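The structure appears right after this line, and notes come after that.
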Amino acid sequence: MDMSALPAGQLEPSSLLQLIWLASPALPVGGFSYSEGLEAAVECGEVTTESMAARWLSDQLQLALARGDLAVIAQAIPAWREGKLDRIGELNAWVLQTRETSELRAQAEQMGRSLLEWLRNHEGASLAHIEACARLQPTYPVAFALAASQTAAGVRDCLLAYAFGWAENMMQAAIKSVPLGQSAGQRILARLSRDIPATVEAALRLPDSERQAFSPMLAILSARHETQYSRLFRS
């Protein structure tokens, strides 16, 4: 296909498909097994309805994901493309240091390992980058940045894909834990989809000095989940 025939700013098909693939809940990284504190919020009565679940996830998107994972990925993608491994190491260490509970840290590490193994079996990332990533014991945002950096997509499109993949997984967690029906889940996903573009823009503008992971109630709920008696999810 002649790439010069594409309208300005339009992704060529293989890059677009790669982003869709990376955002898919079917990607074998285990995202479906985590609720990121939502199940604990349901258990203690903080989330009991569709509207409460939608508000909870919208807050998490804007207050936690935008200021943490998305901001890290925005910096990590160009760092991978430019071979700045020291910068990658700094970003990975920041993610690990700011995971406030053992469950949240275990999730970041397990999903990072799984995505790296997926990359080993797919064309794209160089062996040198894969081995450099493995030495870091990568978190999921850093491993995702490596995978996304192998496409021709811009950073903004990569962040949109990551955020939508997160939204789909969390919507499914809400359906199972509240519980809710499929139509309610789709309405929640529609709300999150409306919130995602502005959230991505905020993450793109965020300098290192303003990146943060200060979500005290989320940390408390995650800690409670570690000893919750009956649960469906690993976080």
Side-chain angles (χ1 to χ4, degrees), residues 19 22-25 27-37 60-61 63-120 122 124-126 128-151 155 158-170 173 199-200 203-204 206 208 210-215 218-219 222-223 225-226 233-235:
L19 281 187
L22 288 173
S24 172
L27 197 71
V29 296
F32 65 89
S33 62
Y34 299 100
S35 82
E36 300 184 18
Q60 191 167 351
L61 171 68
L63 300 176
L65 204 73
R67 299 186 296 183
D69 287 8
L70 288 175
V72 166
I73 295 168
Q75 298 294 322
I77 290 173
W80 278 120
R81 287 173 173 168
E82 296 164 17
K84 296 181 178 177
L85 299 183
D86 288 345
R87 175 65 167 155
I88 294 295
E90 292 171 2
L91 292 167
N92 195 65
W94 185 88
V95 175
L96 287 173
Q97 291 162 6
T98 55
R99 288 307 198 253
E100 296 185 285
T101 67
S102 62
E103 282 190 351
L104 293 176
R105 178 167 175 139
Q107 175 184 348
E109 292 176 323
Q110 179 271 302
M111 291 180 67
R113 288 193 305 271
S114 295
L115 184 54
L116 189 61
E117 287 306 307
W118 180 84
L119 279 170
R120 289 184 188 277
H122 289 76
S126 69
H129 275 173
I130 288 174
E131 293 307 320
C133 193
R135 287 193 293 273
L136 292 174
Q137 298 182 321
T139 58
Y140 186 58
V142 167
F144 181 92
L146 173 57
S149 72
Q150 306 309 304
T151 73
V155 174
C158 295
L159 295 189
L160 288 169
Y162 183 91
F164 188 77
W166 173 87
E168 278 202 292
N169 276 322
M170 294 305 294
T199 300
V200 164
L204 286 167
L206 204 67
D208 280 3
E210 295 180 22
R211 191 173 63 240
Q212 61 173 289
F214 183 68
S215 304
L218 182 62
S222 178
H225 188 264
E226 292 173 358
F233 298 96
R234 298 171 67 183
S235 72

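Just so you know, these numbers come straight off a predicted model, no measurement behind them.
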Step by step, work out the side chain to side chain contact (heavy atoms under 4.5 Å, CB included) result for Leu115 and Leu27.
CA-CA 8 Å; Leu115 184 54; Leu27 197 71; 3.8 Å; yes
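- Contact of the Trp118 side chain with the Pro28 side chain is registered, since non-hydrogen atoms from C-beta on lie closer than 4.5 Å.
- Of all non-hydrogen atoms in Gly83 and His129, the two that sit nearest each other are CA-NE2, 4.3 Å.
- Here the CG atom belonging to Leu218 is positioned 10.0 Å from the CG atom belonging to Leu63, to the nearest 0.5 angstrom.
- Across Leu91, Leu159, Val200, a single residue satisfies side-chain contact (heavy atoms from CB on, under 4.5 Å) together with Ile73, and that is Leu159.
- With values rounded to the nearest 0.5 angstrom, Glu90 atom CD is found 10.5 Å from Gln75 atom CD.
- Of all the heavy atoms in Arg211 and Asp208, the pair that sits closest is NH1-OD1, 2.8 Å.
- Taking CG of Asn169 as the start and OG of Ser33 as the end, the distance is 9.0 Å to the nearest 0.5 Å.
- Side-chain atoms of Arg67 never come within 3.5 Å of backbone atoms of Gln212 as a donor-acceptor pair (strictly under, hydrogens ignored).
- For Ser235, the side chain to side chain donor-acceptor pair (under 3.5 Å) partners two or more places apart in sequence, or in a different chain, are Gln107.
- Here the CG-CG distance, from Leu19 to Leu160, works out to 9.0 Å after rounding to the nearest 0.5 Å.
- Rounding to the nearest 0.5 Å places CD of Gln60 at 5.5 Å from CD of Glu36.
- Side-chain atoms of Thr199 and Leu65, non-hydrogen and from C-beta on, never get closer than 4.5 Å to each other.
- Between Arg120 and Ile130, the shortest heavy-atom distance links the atoms NH1-CG2, 3.6 Å.
- Between Ile77 and Cys158, the closest heavy-atom pair is CD1-CB, 3.4 Å.
- Summarising the geometry of Leu119 relative to Ala147, their closest heavy-atom pair is CD2-CB, 3.8 Å, with the distance given to 0.1 Å.
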Do any side-chain atoms of residues 96-106 form donor-acceptor pairs under 3.5 angstrom with protein atoms, and if so which ones, sequence neighbours left out?
| unit_1 | atom_1 | unit_2 | atom_2 | d |
| --- | --- | --- | --- | --- |
| Thr98 | OG1 | Trp94 | O | 2.8 |
| Thr98 | OG1 | Val95 | O | 3.2 |
| Arg99 | NH1 | Asp69 | OD1 | 3.2 |
| Arg99 | NH2 | Asp69 | OD1 | 3.2 |
| Arg99 | NH2 | Asp69 | OD2 | 3.2 |
| Thr101 | OG1 | Leu104 | N | 3.2 |
| Thr101 | OG1 | Ser222 | OG | 2.6 |
| Ser102 | OG | Glu226 | OE2 | 2.8 |
| Glu103 | OE1 | His225 | ND1 | 2.9 |
| Glu103 | OE2 | His225 | ND1 | 3.1 |
| Glu103 | OE2 | Arg231 | NH1 | 2.7 |
| Arg105 | NE | Glu109 | OE2 | 3.3 |

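- Across every non-hydrogen atom of Ala66 and Ala203, the tightest pair is O-CB, 3.5 Å.
- Rounding to the nearest 0.5 Å gives a distance of 13.5 Å between CE of Met111 and CG of Leu116.
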Using distance only, find each side-chain donor-acceptor pair of residues 133-144 under 3.5 Å and give its atom names and separation, not counting sequence neighbours.
| unit_1 | atom_1 | unit_2 | atom_2 | d |
| --- | --- | --- | --- | --- |
| Thr139 | OG1 | Asn92 | OD1 | 2.9 |

